[in-house]
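So you know, we letter chains A, B, ... as the sequences are listed, proteins then strands, and number each from 1. What you see is a predicted model, and the numbers here were worked out from it, not measured in a lab.
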Amino acid sequence: MITLNHYLFVSGALFALGLAGVVVRRNILVIYMCLEMMLSSANLALVAFSRFHLTDGLPDYSAQALVFFTITVAAAEVAVGLAIIVAVYRAKNSIDVESVTKMQG
Amino acid sequence: MSAFSIEVLLALLGLAIVLAAAFLPAVSQRTLAWTGIAGSVVALLLLCGASHAESSLPAFVAPYYSLDTLSLFYKAFALVITALVLWLIAESDSTLSNYSADGKLGELVGLPLIVCTGMMWMASAKDLVTVFVSLELVTVAFYVLVAYTRKSALSLEAGVKYLILGAAATGVLVFGAAWVYGATGSLSFEGIAKGVQNAAVNKSVLLFGIAFLLAGLGFKVAAAPFHMWVPDVYQGAPTPVTAFLSVGSKASGFIVLTRVIDALLANGSRVTSEVTNLLLISAAITVLLGSLPAIFQTSVKRLLAYSSISHAGFLLLALASRSSARFDITSGGVVAFYLATYLPMTVLAFFVLCVLRRQGIGDSLDELKGLGRRSPLLALLLTIAMASLAGLPLTAGFLGKMLVFVAAVDHGYWGVIGCAVIGAAAGFYYYFKVILAIYTSEGTTEEPVTVSIASKAIATALAAIILILGLYPRPLQKVLAAPAAASVALGK
């Protein structure tokens, strides 16, 4: 039997992996994929909470509505984000974070 | 006409300007910018005349949309800052278009109106879903604005940094919202306020969610320890966009934070001490980490970035000091008052930087030397802005800081007050360093700096507002006194 805790555990693990990826990886594209993973982990937690929070035997759908908004917004964010990453590649011929560290202190 | 339809019209105007910039090359950039300014001014007038009753809203938005004094104040605030930012963009169009990809300013003129729609919508948000969508409307548009002058390496770098850290903050925010929902069973502020009072709610789950939620919002308002992006992004972004980030983005972060904190610290809340401590610790380190590094900055833009962090610290302290018996303003009202004083002085400082940039003068302290003789008016305006940012008595900045200090003293937050005093003292040092540089005699050139009459008039009006607010703040306080009643109704 899969309980709420199982879902939350997977969601937490995904979130931690995503955050670790953002901090550790040097390739901007991979960092971006890790960011998407963080959003997906939040979505999983939302759906799980919604499914196990029954009112009158039905799931509470307000959290699932947020999931749809998150997916949509993530898509918009990717559109803008990839455009910026392409601009970086054109300017620097590299998508390594080291290529954008001119400003310090 | 309801406030809601003004936002829809504003977004449509923004889209129309973006399209006109792309498909009507005959229309000049300045015309488009001034169309945007006219649009936001008309929207401001419409907002004043619009019905402020929630019954005027269409039925499909009414459950998700509040129209109290605070939300109307922040709506007007968003419109004012948008108009001023468009004015700064029109003022520096020649410098900006040199660095944009196609030599034009199309989206740079249209997107601020869409950001404004997001900020106005956010001011009325009643639940975390609306907050999330409007916050992202603002943030995603800002990714574009920050990286817009992408021929400049600094702007591109700022864009990437803002993109990655902003998206990470979004992830953290949604994750936090999920756990707060898991604990309280509701995404609306009203439901969350009920949830924190409910003894059946699992407190550790709730605190786990709150920590993530506040971390995500802390990023948006540049609160420590999530402030690392601010100096780089502010320095690299085009100057008008920096002004927008510094005032608009911060204000919209703080209205959401005000609502969230109001819900979390509702009467009988079981997490009062934890949330207050989180806010106080964050306020103390934000003031210190903003003020102390600012002392060593040589770029005025970067200095203003650190100053913006330190101001966020004062605002957090104001949020933590719940309504004080001494005056008729709640903590949310104090925050709004502080932001209202922060707007003219910041815009004025960035205006001077924009004008200088157009004349080929960079933003380092050395290049400001001799400004006092090259343009006495600009020097005077920058002096007023800096004195007010430092919090010199008789300026608006002083009253904002004083309200925060008085409220904090009433609650006896002495440790944080100590940090804030250190921060304010450091502020006097680094802001006056700028004033000293302006009036120092050694300058490389004596060539006068020219400013158009219209810009002179607007900038002088901003300086006058700083001084008038500093001497006679009563009208603004009266406007903001009403939210007290609204917050009391919410449970405080």
Query raised in the report: Of the backbone (N, CA, C, O) and the side chain (C-beta and beyond), which part of B/Lys151 lies under 4.5 Å from a heavy atom of chain A, both, or neither?
Result: neither
Report task. Quick one: closest heavy-atom pair of A/Tyr32 and B/Leu163, and the distance? Result -> OH-CD1, 3.6 Å
Query raised in the report: Is it the side chain or the backbone of A/Ile31 that comes within 4.5 Å of chain B heavy atoms, both, or neither?
Result: side chain
Query raised in the report: Using non-hydrogen atoms only, which part of A/Ala91 is less than 4.5 Å away from chain B: side chain, backbone, both, or neither?
Result: side chain
Query - Top contributor to chain B interface from A/Glu36, A/His53, A/Glu77 [non-hydrogen pairs under 4.5 Å] - result: A/Glu77
Query raised in the report: Out of B/Glu136, B/Lys161, B/Glu157, which one racks up the most heavy-atom pairs below 4.5 Å with chain A?
Result: B/Glu157
Report task. Using a cut-off of under 4.5 Å on heavy-atom pairs, state which of B/Ala178, B/Gly171, B/Ala147, B/Gly176 scores highest against chain A. Result -> B/Ala178
Query - chain B contact via A/Ser11 - which portion, at a heavy-atom distance below 4.5 Å - result: both
Query raised in the report: Any idea which heavy atoms bring B/Phe175 and A/Gly12 closest together, and the distance?
Result: CZ-CA, 4.3 Å
Requested in this report: Measure distances from A/Val88 to the heavy atoms of chain B and classify the residue's part below 4.5 Å as side chain, backbone, both or neither.
Outcome: both
Requested in this report: Name the region of A/Ser50, side chain, backbone, both or neither, that has any atom closer than 4.5 Å to a heavy atom of chain B.
Outcome: both
**Report entry** Contact summary for A/Met38 and B/Val172, nearest pair of heavy atoms
**Finding:** CE-CG2, 3.9 Å
